[in-house]
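Atoms considered below: every heavy atom in the structure, side chains included; atoms not considered: hydrogens, waters and symmetry mates. Residue numbers start from 1 in every chain, and the chains themselves are labelled A, B, ... in the order their sequence lines are given, proteins ahead of strands. What you are looking at is a predicted structure, and each value in this text was computed from that prediction instead of being measured.
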2 protein chains.
Amino acid sequence: MPVTIRDVARASGVHISTVSRTFSAPHLVNPETRVRVLACAEDLGYRPNRAARALITGRTHNIGLIIADIANPFFPPLIKAAESQARHRDYHVFVADTNEDAAAEEELVHALAKQVDGVLLCSPRMSNSLIEQLSREVPLVVVNRQLAGLPCVLMDVGQGARCAIEHLAGLGHREIALLAGPRGSWTSRELRRAAGVAARAAGADLTVLGPNPPTEAGGLAQAEQVRRAGVTAVLAYNDLMAIGLLEGLDALGVRVPQEISVVGVDDISLSRLTRPKLTTVATPTAAAGRTAVDMLLQQDTDFPRSGRGGGAAVAVGVRRTTAQVMLQTELVIRDSTAPGPYAGRERPGAAAAGPGPHRRADPGDPIVAAGDVVAS
Amino acid sequence: MPVTIRDVARASGVHISTVSRTFSAPHLVNPETRVRVLACAEDLGYRPNRAARALITGRTHNIGLIIADIANPFFPPLIKAAESQARHRDYHVFVADTNEDAAAEEELVHALAKQVDGVLLCSPRMSNSLIEQLSREVPLVVVNRQLAGLPCVLMDVGQGARCAIEHLAGLGHREIALLAGPRGSWTSRELRRAAGVAARAAGADLTVLGPNPPTEAGGLAQAEQVRRAGVTAVLAYNDLMAIGLLEGLDALGVRVPQEISVVGVDDISLSRLTRPKLTTVATPTAAAGRTAVDMLLQQDTDFPRSGRGGGAAVAVGVRRTTAQVMLQTELVIRDSTAPGPYAGRERPGAAAAGPGPHRRADPGDPIVAAGDVVAS
DNA sequence: TACTTCAGTGCAAAGGTTTGCATAAAGATC
DNA sequence: GATCTTTATGCAAACCTTTGCACTGAAGTA
């Protein structure tokens, strides 16, 4: 029933190898033959069997996308962009969810390794050494984690944290809390590091609360602690936690931003819809997805896997490309930040008078994908 | 370099067919042999090549998941549940996004047809006839669309709409608007139908506004129309639109629920975090994902594809299983609905005094997956 | 003892495609 | 006009696994 290359060959009166070449090496076949074959193929509704192709070429034209938590609104735009980019390059994407679990990550990479040409590891929770080990099993691109010798796509949350802290300090805040993310998160470590430095530089105190699950519940649960910590501003690991915190503070009767300012990270679409609208560090999620796919596929064409020929030509111990891309972030100032107790009280809308380095007048603007900095 | 079945056979001193059987038909091999083979396989890190397996069995152990818009928070829980369920059955999931575009849907099904064992079509936008046609190309399970002769997973939004309208009518609302969803959406048609019937029964007028894109922007854009329509309550196609509407009404200075009550559909996690918290019809999204996968895989074992043997034994024109599952929905009453102008003013929290058939005291409860009704 | 049954294993074909090599025909070079 | 290229195509092996059939030897049956 399924139409194979053989049917097309018969219909167009050529050998199957000619049909094969019509698709995979068109320049090798006579233009007249080519159009005839293509017509027959179209006619019969022929689609090459990718399993058969994979079997002989060693490339499946599939990639794996391993995500910490699909339900976290940070990821869908990334998935969407990655899938779209892959499709344009004639690749398909397996999506798998690890529920923020390191062990599940490892198992998934193993399960996928043999049937994909590469894996995108998004916000992994497992250890660096394990990731390195896995990268010997299958080409890997890591998103939101920096690893020497491995291709990575990073978002410059350090820079974002600095902007956020400077923004808050500029508004007069001297006691700031950081709601840390989950254990094992590179982003959380980076945020903490950069926020610490920036706070010191601005003469502010930074209290770290956490680790926390990167969810609304995580933020909500810390509301009480935040109030007790006596801070006037909070930088949360992500928007979800920030939103949970808004909720929790509201329940405690603490007004935002009048009593406490809150800054998130990610700029998920939701953050425009909270009351007050959330000031946040926008991360170029979709760009990260696209870039990661490109890097993976690039790596794959540079160092082809064991095809029929040539495999042995590649020296043992060959170095993979290790380019690391850092995507810029941007502070988006909305309504959840306002002058602290040491400055005069003003209406939230006028908070933009502070010396924060980045500013956006219209919070409704789409995020423009930031310029890319290539390192290593 | 990659370790094949042959390596395992050599290492354990048996024929490759014995190794194969160790994995795919363990009861056919001597227990002693089995443990030896398994040990060797484990030792060498052998993982069967799924492409080779697919080539001969005709089953890829992959399924396709076609989604109208991954970034719509309605879908991630469904994707997550489907992926998890599939994984437990040793299947992997291709995820693809159509951007709410009917043509993209068709193209994707075509592209996937040959390399998956079945496709889940979630909230399709294409025509019924096209879906039927595609179902002859590849086993299909449709979510959120009813098609005679095709397996479907439906959520009883009609029932949900009825509850919502009764709830609103019970609060005294007589002029109600329905914000319709996108053209081509079965859910939107169903909602409209059921809401119309319920409104008539309750002696209320129903004004339909739309179609609209199923996004915040879609709801936001209708705020002005809603105000001008002179209604006191609105049922929106989904929570996203409802949230956009909340936003839009706020911008217009219209208070919710004091002046206008708003009800959404879906109960996305976000709807607990708006101010006011959204009253909404909860749909069992995760259960739908699980059920759809089960139905697809069930269908697949009932009517195996052209394997090596047996294929010819299946009569032409064989009827596929066409079970349709209807999952129950539930009205979750929160703070965005309150008594209408014909009733006395009460504080929103007391709104639960109305005669709505479903009620939930604690809006923080997780949605319990509703019981399933099987039809056809 | 002679026969059947059965568990366990090996053999080899098959699945659809790609690709190095061989062949053939046509064109270029001297 | 003989030789060398070039271009287009055919041939057949290879990729890795599954599976119907055949074979062996041991246990069960009469």
Side-chain angles (χ1 to χ4, degrees), chain A residues 1-37 41 44-61 90 114-115 117 304-313, chain B residues 1-10 12-37 41 44-61 90 113-115 117 304-313:
Chain A
M1 190 63 197
V3 34
T4 77
I5 202 175
R6 223 167 292 272
D7 301 315
V8 179
R10 200 174 314 120
S12 46
V14 295
H15 193 261
I16 57 163
S17 52
T18 303
V19 178
S20 172
R21 278 187 276 257
T22 303
F23 289 100
S24 47
H27 62 282
L28 288 182
V29 0
N30 185 316
E32 293 172 32
T33 319
R34 198 193 310 162
V35 299
R36 187 156 38 95
V37 170
L44 276 62
Y46 168 71
R47 304 251 171 176
N49 180 325
R50 296 175 77 129
R53 181 180 284 179
L55 187 54
I56 190 163
T57 62
R59 354 195 59 237
T60 60
H61 267 237
D90 194 28
K114 274 286 175 42
Q115 57 186 321
D117 296 340
R305 308 185 88 177
S306 60
R308 191 148 119 77
Chain B
M1 190 63 199
V3 33
T4 78
I5 202 175
R6 218 167 296 272
D7 300 316
V8 179
R10 199 174 315 122
S12 46
V14 296
H15 194 259
I16 57 164
S17 52
T18 302
V19 178
S20 173
R21 277 187 276 257
T22 303
F23 289 100
S24 46
H27 62 281
L28 289 182
V29 358
N30 186 316
E32 294 173 32
T33 319
R34 199 191 312 163
V35 300
R36 187 154 38 95
V37 169
L44 275 62
Y46 168 72
R47 302 251 171 175
N49 180 326
R50 296 177 77 129
R53 179 180 285 179
L55 188 56
I56 190 165
T57 60
R59 351 196 62 237
T60 61
H61 267 237
D90 195 27
K114 275 284 176 43
Q115 57 187 319
D117 296 341
R305 309 184 88 179
S306 62
R308 191 147 119 77

Who passes side-chain hydrogen bond (donor to acceptor under 3.5 Å, both in side chains) against [X], sequence neighbours left out?
{"X": "A/Ser17", "result": "A/His15, A/Arg21"}
{"X": "A/Ser20", "result": "none"}
{"X": "A/Arg47", "result": "none"}
{"X": "B/Thr60", "result": "B/Asp117"}

Task: CG-OG1 distance between A/Leu44 and A/Thr4, expressed to the nearest 0.5 angstrom - done: 9.5 Å

- [ ] Taking the side chain as every heavy atom from C-beta outward, state whether B/Leu55 and A/Asn49 have any atom pair closer than 4.5 Å.
- [x] yes

Task: Test item: B/Val37 and B/Val29 side chains (from C-beta on) under 4.5 Å apart, heavy atoms - done: no

Quickly work out the [X] [atom1] to [N] [atom2] distance and round it to whole Å.
{"X": "B/Arg6", "N": "C/dC11", "atom1": "CZ", "atom2": "P", "answer": "12 Å"}
{"X": "A/Leu28", "N": "C/dT18", "atom1": "CG", "atom2": "C1'", "answer": "12 Å"}
{"X": "A/Arg21", "N": "C/dT19", "atom1": "CZ", "atom2": "P", "answer": "10 Å"}
{"X": "B/His15", "N": "D/dG20", "atom1": "NE2", "atom2": "P", "answer": "16 Å"}
{"X": "B/Gln115", "N": "C/dT17", "atom1": "CD", "atom2": "C1'", "answer": "14 Å"}
{"X": "B/Ile16", "N": "D/dC15", "atom1": "CD1", "atom2": "P", "answer": "12 Å"}
{"X": "B/Phe23", "N": "D/dT17", "atom1": "CZ", "atom2": "C1'", "answer": "12 Å"}
{"X": "B/His61", "N": "D/dT17", "atom1": "NE2", "atom2": "C1'", "answer": "13 Å"}

- [ ] Please determine, for the side chain of B/Ile5, which listed nucleotide (D/dG20, D/dT17, C/dT18) has the closest atom?
- [x] D/dT17

Open item on the list: Testing the basics here: between A/Ala51 and B/Ala54, what is the closest heavy-atom pair and its distance to 0.1 Å?
Closed with: CB-CB, 4.0 Å

Task: Over all atoms of both residues, closest heavy-atom pair of B/Pro48 and B/Tyr46 - done: CA-OH, 3.3 Å

Open item on the list: Can you see if the side chain of A/Ser17 gets near the phosphate of D/dC11 - specifically, an N or O under 4.0 Å from OP1 or OP2?
Closed with: no

Open item on the list: By the salt bridge (charged side-chain N to carboxylate O under 4.0 Å, His left out) test, which pairs, at least two apart or in different chains, include something from residues 9-19 of chain A?
Closed with: A/Asp7-A/Arg10

Open item on the list: Under 4.0 Å, heavy atoms only, any strand: does B/Thr18 hit a base, just the sugar-phosphate, or nothing?
Closed with: sugar-phosphate

Open item on the list: Please classify the nucleic acid contact of A/Thr4 as base, sugar-phosphate, or nothing, using heavy-atom distances under 4.0 Å.
Closed with: sugar-phosphate

Open item on the list: Over the length of the helix from C/dT1-D/dA30 to C/dC30-D/dG1, how much do the five-pair end axes diverge, rounded to 10 degrees?
Closed with: 40°

- [ ] Can you sort out which residues in residues 29-37 of chain A have a heavy atom within less than 4.0 Å of DNA chain D? Ascending by number, please.
- [x] A/Val29, A/Asn30, A/Thr33

- [ ] List in numerical order all residues of residues 44-55 of chain B for which some heavy atom is under 4.0 Å away from an atom belonging to DNA chain C.
- [x] B/Ala52, B/Leu55

Open item on the list: Per the side-chain hydrogen bond (donor to acceptor under 3.5 Å, both in side chains) rule, what does the pair list look like for residues 24-37 of chain B, sequence neighbours excluded?
Closed with: none

TODO: Applying salt bridge (Lys or Arg N to Asp or Glu O under 4.0 Å), name anything that partners B/Arg6, two or more places apart in sequence or on another chain.
DONE: none

